Amino acid sequence: MTDIIRTENLSYAYPPDEGKEPIPALAGVDLTIEPGSFVVVLGHNGSGKSTLAKHMNAVLLPTGGRVLVDGIDTAEEESLFEIRRRVGMVFQNPDNQIVANVVEEDVAFGPENIGVPTEEIRRRVDESLKAVGMEDFLLHAPHMLSGGQKQRIAIAGVIAMAPQCIVLDESTAMLDPSGRQEVLRTVSWLNRERGITIVLITHHMNEAAYANRVIVMDHGRVAMDGPPREVLTRSEDLRRLGLTPPPTVELLDALREAGWDVPLDAIEPEECAAAISQYLGA
Ligand code: ADP
Ligand code: MG
């Protein structure tokens, strides 16, 4: 199967202010993202996450190397629509993504722009709103909704384009815990039930538990890449890269240092509690 996203020695430098040097943001990124996977991208501020995301649907074009989306080189100008149709993007601020005064019109905006026939649009809008659990809000005003609901509308707008992959760049950062949960549950469901590839950029370490792969960026490079259990338990490496390990891992680390025989990879709170009570009961 063709990788949905493939970067080959991808480098990018932002154009400089007059008389200054270009600002390097990505420095030789080689990544392949398989269809159907759920990838979480972590990394401290300025590590290159957003720049990488913007290469995944040709918002930015490489200054070195190349990016293939479902086999299509993003540098081919004539393929821009094909690329945008395959990979949809959800951003951080839900208010900046609303384009209409009525939910159904907002969701219809994308497919209308690419010339989807009216009847098909109707079907896609209904289906997309259902997929994010917002079918009862068809005629509501988007700006009256909560942050989590707005982001789900933004996701519905992306789903209405029938993408193979959705990239979410810190889309939960401005939400309260329940809004964050709404969005995470929605994208997990889309991944599991619809097979849509998810690339979730976040600074919430615990969101990595939803993924089947975690990538940590640092200075425009991939610093760590593996299953959550492997990456999240490498506390020292995480700290070196400016990240705080999950609290469960820190606790298990401390207990092991104190001589307790508990597993380090009980990263979910329930597993962690079970491991500790098993140790105490043994
Ligand atoms: P992250 O999303 O991980 O915080 P970014 O991809 O936004 O990181 O930034 C990577 C590097 O590129 C940083 O050094 C940042 O200052 C720089 N950068 C990001 N956006 C721009 C821009 N529009 N113009 C110039 N430099 C930028
Ligand atoms: Mg960013």
Side-chain angles (χ1 to χ4, degrees), residues 1 3-10 26-50 52-53 56 165-172 180-181 184-185 187-192 195-279:
M1 225 192 301
D3 295 309
I4 180 67
I5 289 158
R6 181 183 177 89
T7 72
E8 296 173 353
N9 200 18
L10 165 63
L26 295 175
V29 176
D30 286 296
L31 271 182
T32 53
I33 295 182
E34 287 150 25
S37 53
F38 190 141
V39 181
V40 158
V41 181
L42 301 170
H44 60 78
N45 262 341
S47 58
K49 304 182 297 295
S50 293
L52 176 63
M56 294 181 176
C165 176
I166 303 178
V167 179
L168 300 104
D169 188 0
E170 307 244 15
S171 306
T172 61
R180 211 180 310 152
Q181 277 304 318
L184 288 167
R185 263 200 294 264
V187 293
S188 304
W189 185 86
L190 290 169
N191 175 253
R192 224 178 29 247
I196 297 178
T197 309
I198 303 290
V199 178
L200 180 85
I201 297 170
T202 179
H203 60 253
H204 291 286
M205 187 60 78
N206 54 353
E207 293 179 9
Y210 287 85
N212 48 39
R213 179 178 176 191
V214 177
I215 291 168
V216 182
M217 297 291 296
D218 182 50
H219 288 100
R221 293 192 169 82
V222 173
M224 297 171 87
D225 183 357
R229 266 171 221 278
E230 192 185 301
V231 172
L232 298 184
T233 50
R234 285 164 58 187
S235 350
E236 262 180 49
D237 291 331
L238 289 172
R239 271 193 217 100
R240 187 171 46 78
L241 298 170
L243 301 173
T244 310
T248 47
V249 173
E250 297 206 281
L251 174 61
L252 292 166
D253 257 347
L255 292 176
R256 282 158 67 94
E257 232 164 84
W260 292 39
D261 181 20
V262 285
L264 190 52
D265 67 349
I267 59 176
E268 297 290 338
E270 297 76 16
E271 291 178 289
C272 179
I276 291 169
S277 69
Q278 194 186 358
Y279 174 81

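This structure is a prediction, so every number in the text was calculated from the model and none was measured. Heavy atoms only: backbone and side chains are in, while hydrogens, waters and symmetry mates are out.
Panel note: side chain Thr32, backbone Asp3; no donor-acceptor pair is recorded below 3.5 Å. Judged purely by atom type and a 3.5 angstrom limit, Glu271 uses its side chain to pair as donor or acceptor with the backbone of Glu268. The main-chain N or O of Ile215 is never found under 3.5 Å from a side-chain atom of Asp225 such that the two would form a donor-acceptor pair. Looking only at distances, a side-chain donor or acceptor of Thr202 sits under 3.5 Å from a matching main-chain atom of His204.
Put simply, CE on Met217 and CE on Met224 are 13.5 Å apart, with the number rounded to the nearest 0.5 Å. Remark: Met205 CE to Leu243 CG distance equals 4.5 Å, nearest 0.5 Å. With rounding to the nearest 0.5 Å, the separation of CD1 in Ile198 from CH2 in Trp189 is 11.5 Å. Rounding to the nearest 0.5 Å gives a distance of 8.5 Å between OG1 of Thr7 and CG of Leu26. To the nearest 0.5 Å, atom SG of residue Cys165 and atom CD1 of residue Ile5 are 4.0 Å apart. Interatomic distance, SG of Cys272 versus CD of Glu250, reported as 11.5 Å (0.5 Å rounding).
When every heavy atom of Val249 is checked against every heavy atom of Ser235, the shortest pair comes out as CG1-OG, 3.6 Å. Nearest heavy-atom pair across Glu34 and Thr197 is O-CG2, 3.7 Å. Closest non-hydrogen pair, Met56 versus Ile33, comes out as CE-CD1, 4.0 Å. Residues Gly220 and Val29 share a closest heavy-atom pair of O-CG2, 3.4 Å. Closest heavy-atom contact between Ala211 and Val40: CB-CG2, 3.6 Å. A pairwise comparison of heavy atoms in Leu252 and Pro263 identifies CD1-O, 3.4 Å as the closest pair.
Here the side chains of Val262 and Leu251 are not in contact, with every heavy-atom distance at 4.5 Å or above. Residues Leu190 and Ile166 meet the side-chain proximity criterion, which asks for heavy atoms closer than 4.5 Å. Looking only at side-chain heavy atoms (C-beta outward), Tyr210 and Leu200 stay at 4.5 Å or farther from each other.
With salt bridges taken as basic N to acidic carboxylate O contacts below 4.0 Å, none links Lys49 and Asp169. Of the charged side-chain nitrogens involved, at least one lies within less than 4.0 Å of a carboxylate oxygen, so that Arg240 and Asp237 count as a salt-bridged pair.
Taking the six-membered ring for Trp and thresholds of 30 and 60 degrees, His219 and His44 have ring planes more than 60 degrees apart, a perpendicular arrangement.
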